[in-house]
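Notes to accompany the following structure.
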Amino acid sequence: MSTPTAPYPHLLEPLSLGRLTLRNRVVMGSMHTGLEDSALNLPKLGAYFAERARGGVGLIITGGYSPNKRGWLKPLASDMTSRLQAMRHREVTGAVHAEGGAIAMQVLHAGRYGYHPFSVSASSKKSPITPFRPSALSTKGVDQTVSDFARAVALAEKAGYDAVEIMGSEGYLVNQFLAARTNDRTDAWGGTAEKRMRFPVEIVRRTRELVGGDFPIVYRISLLDLVEDGQTWEEVVELAHLLEDAGVTVLNTGIGWHEARVPTIITQVPRNAWVDHTARLKAEVSVPVCASNRINTPEAAEEILASGKADLVSMARPLLADAHFVNKAAEGRADEINTCIACNQACLDHVFKNRSASCLVNPRACHETTLVLRPTRVKKSVAVVGAGPAGLAAAVSAAERGLAVTLFEKSDDIGGQFKLAMQVPGKEDFRDTLRYYRRRLEVLGVDVRLGTEATEALLSSYDDVVVATGVTPRIPSIPGVDHPRVLRYDEVLSGAVVPGRQVAVIGAGGIGVDMSVWLTHDPGETPDEWMAHWGVGDPSLHRGGLTEPKPRAPQREVTLVQRKATPIGIGLGKTSGWAHRAVLKQSEVRQIRGASYDLIEPTASGDRVRLHLTVDGVPEVVEVDHVVLCAGQESVRDLVAPGRTVIGGADVAAELDAKRAIKQGTEVAAAL
Ligand code: NAP
Ligand code: SF4
């Protein structure tokens with residue numbers, strides 16, 4: 001038991017699970033990183049997990065391993081099907097155990113989400129997010145698949161894993177058996193809710209037979225499918241009881257299928273949004289229950305446990321963002337935690353594009369063996385100019401290596417473009433990134449000179465100079481662009497100017513879309529209203545927890561314009577762009593593409609402006625209170641000189657994003 005004075009007493013309390021005792025209640029939830037898919041990457045995977053074990057996490061759960069080839073996520077993806085594989089995994093389990101950690105392997109059969117022509121499912125129904133139609137498993141095939149699950153678990157035990165997780169949520173094969181949406185079988189594995197439940201229950205029963213009584217089996221149960229013809233709450237509870245009887249040790253929880261059109265984990269989802277459903281399940285069962293999704297601070301996790309809503313808290317991305325999350329919390333250094341901002345940009349977006357995962361705020365994630373911040377042998381002095389994301393990453397990383405760092409920032413605060421981004425609805429978590437950097441600069445003793453313009457004279461005494469002077473908003477050359485009713489995005493997001501009721505936005509990149517959301521959003525939206533806008537209802541009343549979405553009441557009339565003919569927002573993140581595009585639609589943002597900008601002129605009264613466009617050769621006029629420019633940025637390169645390293649937006653403004661800026665800053669510091 002933790003002492004009463006320890007921070008986060010519930011979070012840090014051990015828990016016994018059969019033969020395994022967890023040192024605390026923090027589970028690093030399963031997340032595919034791409035490293036699982038090749039045996040050659042097992043050392044990297046081991047290093048990645050070992051770093052998290054060293055950071056104090058109670059139980060690590062690996063990305064998904066298929067129990068057979070038909071269950072692959074993509075061709076040649078990870079599976080656990082042979083003794084040879086099991087022996088190779090000892091490198092991973094050994095690395096975690098050497099750091100005092102515990103690790104579970106997740107067994108995941110992709111079913112119809114398999115991105116290959118050999119995929120199988122309960123029925124031959126294609127998913128809306130993959131091009132391949134699955135074959136329906138034969139009755140014998142179902143039976144064999146159940147045995148394959150049990151064998152994969154037995155192999156995991158041989159590989160030294162301390163537990164397993166059976167993936168029963170997010171719309172993968174097990175979930176596909178459970179829902180009438182994807183299971184129209186008429187044999188013993190479908191037809192009624194009871195028969196649809198047989199598949200997961202048999203998997204757990206046969207697994208338990210094979211591995212014995214005290215090997216921990218975690219089952220990830222889908223609380224809300226968030227798809228049509230998903231499960232009812234009563235079915236979820238019934239399944240939980242059957243799984244308990246079959247021998248599960250822990251029920252982990254999942255929300256929403258991958259094909260659901262309700263966001264479940266990205267930044268705009270309210271923190272702890274789904275925890276009440278976990279609490280509802282916990283009241284029904286006697287095994288420990290684990291909460292998950294959109295939990296990213298030790299305070300939130302502690303509150304969930306202290307209020308009795310769950311017994312464990314699963315965080316996947318927050319442990320990518322900071323491997324030492326748990327130790328920092330335990331040592332009273334929670335303000336030094338590098339918080340996951342739920343952007344998905346370097347983790348899930350990478351994985352869905354077949355790239356290995358990393359983290360926007362921690363580019364060392366999954367690169368522990370290649371991006372190393374070694375202690376310096378020579379105590380050089382380094383000047384970093386500019387305290388935006390690139391400069392902050394460079395300054396903190398260089399100071400972590402022991403270099404003497406001075407950070408110059410001409411404004412009176414750190415943050416650069418991040419200070420603007422955190423004003424965007426749903427991007428409030430960016431504040432935590434700045435809190436992290438602020439605190440790390442302090443702890444590491446970086447000489448931070450705010451309100452100081454770096455001059456050649458000031459920089460001349462440093463061994464190394466890193467130029468991270470960032471960007472300035474681009475002013476497109478449109479006649480009339482200098483009218484006072486034409487605003488730059490930074491003026492609006494910083495609160496310097498408040499636009500009127502009708503606004504035209506020029507440029508529909510990431511910032512143009514964010515601006516449109518900012519302009520239309522209701523600042524007082526409560527989590528319940530957020531649920532209502534997305535059509536999330538009580539699963540006891542609505543199958544899958546899905547109900548009719550209630551329209552948003554946009555706060556302004558916005559017209560969003562771009563020159564390209566491609567759909568607006570098409571270049572946004574793979575796993576979050578669809579949600580941003582949906583919000584534009586919900587907020588009735590008028591979208592014009594393929595436009596050229598001819599003129600901005602005041603109306604006769606002078607209190608409005610007219611934006612003259614040509615769209616597909618046809619002239620069009622949009623009359624508004626304000627035009628907001630979101631037409632990209634230009635690099636600020638005044639201090640660029642031979643021998644200096646240039647990073648972030650000062651290096652390349654095009655396609656500037658925080659992911660590249662922070663990665664570049666960290667890499668430069670590693671090489672100084
Ligand atoms: P951006 O993504 O480059 O978009 C700027 C847009 O302005 C372009 O799409 C371009 O579209 C238009 N434009 C460029 N030059 C113009 C000109 N001379 N006249 C009129 N229009 C012009 O830049 P951003 O929106 O400023 O974003 C900056 C960075 O932050 C980007 O890397 C972005 O990905 C990142 N960011 C990402 C997110 C996200 O959700 N992931 C959110 C915010 C920002 P047309 O040429 O078609 O008009
Ligand atoms: Fe979190 Fe973004 Fe890092 Fe993914 S890339 S772990 S969402 S901060």
Side-chain angles (χ1 to χ4, degrees), residues 7 51 54-56 297-298 318 320-341 359-365 367-368 371-416 418-419 430-452 454 458-459 461-470 644-645 647-648 658 661-672:
E51 177 98 20
R54 193 157 46 248
T297 63
L320 248 81
D322 197 329
H324 297 266
F325 182 104
V326 178
N327 281 352
K328 286 180 182 176
E331 292 159 10
R333 298 192 294 128
D335 57 356
E336 286 183 57
I337 290 175
N338 196 359
T339 304
C340 163
I341 56 174
C359 171
L360 182 143
V361 299
N362 174 22
R364 293 199 60 243
H367 298 274
E368 284 75 14
L371 181 49
V372 184
L373 297 173
R374 291 183 208 291
T376 182
R377 286 202 215 117
V378 191
K379 182 103 180 172
K380 290 195 291 186
S381 62
V382 181
V384 178
V385 188
L392 289 168
V396 164
S397 303
E400 280 175 359
R401 293 189 54 212
L403 293 156
V405 182
T406 307
L407 176 62
F408 293 98
E409 167 57 44
K410 77 173 177 192
S411 76
D412 59 4
D413 198 6
I414 65 166
F418 250 48
K419 281 187 71 98
F430 282 50
R431 277 174 224 280
D432 277 311
T433 308
L434 295 188
R435 181 261 308 141
Y436 161 77
Y437 278 123
R438 214 181 293 284
R439 182 71 183 125
R440 288 298 288 159
L441 290 170
E442 197 182 344
V443 169
L444 292 162
V446 173
D447 178 5
V448 182
R449 306 215 190 144
L450 297 176
T452 308
L458 272 175
L459 296 178
S461 60
Y462 291 89
D463 296 320
D464 280 305
V465 174
V466 178
V467 178
T469 40
R644 289 181 184 165
T645 312
I647 59 172
I662 293 176
K663 183 165 182 278
Q664 220 179 0
T666 311
E667 286 172 347
V668 159
L672 281 172

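Position 1 is the first residue of the sequence, and the numbers go up from there.
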I want to check something: taking the side chain as every heavy atom from C-beta on, are Ile341 and Asp432 in contact at a cut-off of under 4.5 Å? no
Side-chain heavy-atom pair Ile647, Val466 within 4.5 angstrom cut-off: yes
Heavy-atom nearest pair, Pro7 first then Ala329, reads CG-O, 3.5 Å
Heavy-atom closest contact (Val405 atom, Ala399 atom, distance): CG2-N, 3.7 Å
Is there a donor in the side chain of Thr339 and an acceptor in the side chain of Arg431, or the other way round, less than 3.5 Å apart?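 Note: Thr339 and Arg431 side chains miss the donor-acceptor criterion.
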Tell me whether [X] contacts the main-chain N or O of [Y] through its side chain, where contact means a donor paired with an acceptor under 3.5 Å.
X	Y	answer
Thr452	Leu450	yes
Glu409	Ala387	yes
Asn362	Leu320	yes

Parallel, tilted or perpendicular: which fits the ring planes of Tyr462 and Phe408, with parallel below 30° and perpendicular above 60°?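 Perpendicular.
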Just jot down the side-chain contact (heavy atoms from CB on, under 4.5 Å) partners of Arg439, sequence neighbours excluded, or say none.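 So Arg439 forms a side-chain contact (heavy atoms from CB on, under 4.5 Å) with Asp335, Glu336, Glu442, Val443.
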Lys419: which residues meet the side-chain contact (heavy atoms from CB on, under 4.5 Å) condition with it, sequence neighbours left out?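 side-chain contact (heavy atoms from CB on, under 4.5 Å) list for Lys419, sorted by chain: Asp413, Leu434.
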Donor-acceptor pairs under 3.5 angstrom involving side-chain atoms of residues 388-397: please list them, not counting sequence neighbours.
unit_1, atom_1, unit_2, atom_2, d
Ser397, OG, Ala393, O, 2.7

If you measure from CD1 on Ile662 to CZ on Arg364, what distance do you get to the nearest 0.5 Å?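 So the gap between those two atoms works out to 14.5 Å.
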Residue that, paired with Val446, satisfies side-chain contact (heavy atoms from CB on, under 4.5 Å) out of Thr406, Val384, Leu403, Leu441: Leu441
